[in-house]
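Below is one structure, written out as structure tokens; comments come after it.
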Amino acid sequence: MASRDNKNRVEKTIVTILLVVGGILVSIPFIWMILSAFKPESEVLAFPPTIFPENPTIENFVHLFTKLDFGIYFRNTVIIVLASFVGLLFNAMAGYGFAKYSFKGRDKLFFLVLATMMIPGQVTMIPVYLLLNEVGLTNTMVGIILPGLAVAFSIFLFRQFMTTVPDDLIEAARLDGAGEFYIFFRLIIPVAKPIFAVQGILTFIAGWNSFIWPLIIASDDSLYTLSVGLSLLQGQYASNFALQMAGAAFMVIPIIIIFSFFQKYIVEGFTMSGIK
Amino acid sequence: MNRLSGKPINKYPYLFIAPAVILLVIFFIIPIIIAFGVSFTDMDLKGLANLSNVSFVGLENYTDLFSDEKFLKSIYNTAFYVVIGVPLVIISSLSVALMLNYGSNWLFRTFRGVYYMPSITNIVAIAVIWGYLYNTDYGLLNYILSLISIDKIPWLQEPTIAKISLIILAVWKGIGINMIIFLAALQGIPKSYYEAAEMDGANRIQILFNVTLPLLRYATFFVTVTTLIGWMQFFEEPFVMTDGGPLNGTLSVALFIYKEGFQFSEFGYAAAASFVLFIMIIIVTLVQFKFSKSE
């Protein structure tokens with residue numbers, strides 16, 4: 001037995017070393033981004049490159065807000081994130097409706113919801129643009145937000161979770177005279193906290209990162225999101241890598257922080273949703 | 001059966017599902033019908049301004065596509081991405097998941113986060129960072145290679161190398177989500193299966209191939225289908241890194257559609273191309289389901 005334990009320990013050490021080496025390789029782009037963001041413009045072009053900034057500076061970050069409109073981009077991105085939480089509520093309501101009521105056409109409608117998951121983004125992109133153009137919503141915040149509010153996959157995951165809520169709980173609340181919406185907001189949402197946590201994080205990340213659709217719809221600088229602004233910066237300051245890295249860091253670091261606080265919910269969420 | 005059947009308050013279910021379902025119908029179902037219609041017309045900027053400028057052209061867009069060298073090139077490039085990228089993503093995410101499943105202390109939890117990070121990182125930020133890493137003159141990669149005296153590699157300037165560079169980036173980005181799915185599946189395998197196999201004297205390799213991998217087949221199927229669909233729509237990486245260049249060497253079908261639609265405003269032509277892509281995706285997915293059934 002002792003030799004087997006020994007062998008296991010050797011094995012575990014090898015696996016750990018492989019994981020650490022792979023993990024470092026995977027994080028090189030992030031490490032390089034953070035280190036370069038604090039270098040002055042001249043130092044990022046130095047050859048051979050310096051690893052740690054020799055003259056650390058926050059000038060690059062200041063430039064994002066003074067020379068460029070990152071303040072406005074940040075505001076727009078926050079608006080999109082907040083609006084996508086309204087979408088999250090719609091998805092949760094739909095998930096609850098499909099899970100806990102039986103009504104005429106339910107299965108057909110749910111199939112319709114699932115079918116939308118199979119349509120590639122490129123197919124709907126052009127007609128949605130044409131539609132929004134017809135009703136004058138291109139180059140507006142509403143036009144940026146509306147098409148992304150309902151997410152079929154999210155409805156699906158909410159429905160999967162809601163079916164596990166016992167019917168008796170809802171029936172008991174009804175007998176006490178609670179209205180249907182009161183039940184949803186006061187009873188179901190607290191019970192469904194775990195799935196809201198996962199979906200909340202994923203919604204935040206998707207909203208924060210939204211790029212293609214704002215790029216297509218917004219033609220005014222005042223409607224750009226952080227990603228659109230960053231891609232603009234990449235075009236305008238093609239050789240100022242320090243400024244580019246600062247812009248990238250400004251986008252990536254909030255996500256890293258939020259993710260490291262909530263990562264256990266994401267893993268649990270996938271286990272919970274039954275994709276095994 | 002203690003749901004609401006037979007009671008008079010059945011407007012509520014519709015109130016609950018209405019907001020999301022109406023949005024899905026407006027932004028997915030109706031658009032696909034419009035796209036189908038538009039694909040048989042010559043809709044462009046003039047048509048956008050005034051619908052009377054649009055005329056029906058029958059199958060012309062579709063026949064033009066298959067004699068358009070740029071489109072055929074984009075099909076070739078997409079096939080290149082799929083054939084190399086999909087197996088790479090599946091093998092790397094499975095390997096990482098197997099390693100992460102070895103332990104559960106803080107180190108393993110931390111590295112689970114590290115491997116997941118790229119998949120939630122903004123694509124433009126990724127383009128900016130990797131554009132710098134891949135830079136021929138100032139990039140870190142060429143500097144590291146110069147230390148072991150390898151000449152400068154034109155990561156994004158030569159069509160075939162550029163395709164491979166984009167695949168490396170996309171694999172880096174794609175490991176996270178698939179790794180989580182494999183990990184969830186691995187944690188669902190009862191310990192007793194491994195113990196029984198060890199009792200029978202199976203070694204690690206035998207256990208991997210005869211116990212673990214067969215038990216992962218649903219997860220593998222799910223990952224394969226979703227990854228394949230995702231890679232057939234390969235878009236963001238070439239869009240932000242190379243804009244399809246050099247010499248259309250990284251142009252994918254999805255990027256072709258975007259460029260025809262939003263750069264050249266050939267909406268009818270782009271809609272036709274999007275349907276060709278849609279049909280290719282449906283065919284590939286159906287073939288996969290067929291294969292998995294016959295097993």
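Keep in mind the model is a prediction, meaning the values are calculated, not measured. Every chain is numbered from 1, with letters handed out A, B, ... down the list of sequences.
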If the test is side-chain contact (heavy atoms from CB on, under 4.5 Å), which one of A/Y96, A/F103, A/Y101 qualifies with B/I17? A/F103
In Å, rounded to the nearest 0.5 Å, how long is the span from CD1 of B/I29 to CG of A/L112? 4.0 Å
Is chain A contacted by the side chain of B/V21, its backbone, both, or neither, given a heavy-atom distance below 4.5 Å? side chain
Do you know which of A/N91, A/L149, A/I155, A/L130 has the most heavy-atom pairs under 4.5 Å to chain B? A/L130
Taking the six-membered ring for Trp, are A/F30 and B/W172 parallel (under 30°), tilted (30 to 60°) or perpendicular (over 60°)? tilted
Is chain A contacted by the side chain of B/I120, its backbone, both, or neither, given a heavy-atom distance below 4.5 Å? both
Quick one: does A/M251's side chain get under 4.5 Å of B/V124's, heavy atoms only? no
Can you tell me which portion of A/V228 sits under 4.5 Å from chain B's heavy atoms? Options are side chain, backbone, both or neither. neither
Only pairs of heavy atoms separated by less than 4.5 Å count here; which of A/S231, A/P49, A/G97 has the most with chain B? A/P49
Nearest 0.5 angstrom please: B/I34 CD1 to A/L131 CG, how far? 4.0 Å
Report which part of A/I256 has an atom under 4.5 Å of a heavy atom belonging to chain B: side chain, backbone, both, or neither. both
Heavy-atom pair with the smallest gap, counting every atom of B/A125 and A/V252: CB-CG2, 3.5 Å
Under 4.5 Å from any heavy atom of chain A, what part of B/L147 do you find: side chain, backbone, both or neither? neither
Region of A/Q122 in contact with chain B, defined by heavy-atom distances below 4.5 Å: both
Closest-packed option against chain B by number of heavy-atom pairs under 4.5 Å, given A/L146, A/V151, A/I170: A/L146
Classify the ring geometry of B/Y132 against A/F241: parallel below 30°, tilted from 30° to 60°, perpendicular beyond 60°. parallel
Give the intermediate values and the outcome of side-chain contact (heavy atoms from CB on, under 4.5 Å) for residues B/Y115 and A/L19. CA-CA 10 Å; B/Y115 285 100; A/L19 262 186; 3.6 Å; yes
What part of A/I28 lies closer than 4.5 angstrom to a heavy atom of chain B: side chain, backbone, both or neither? side chain
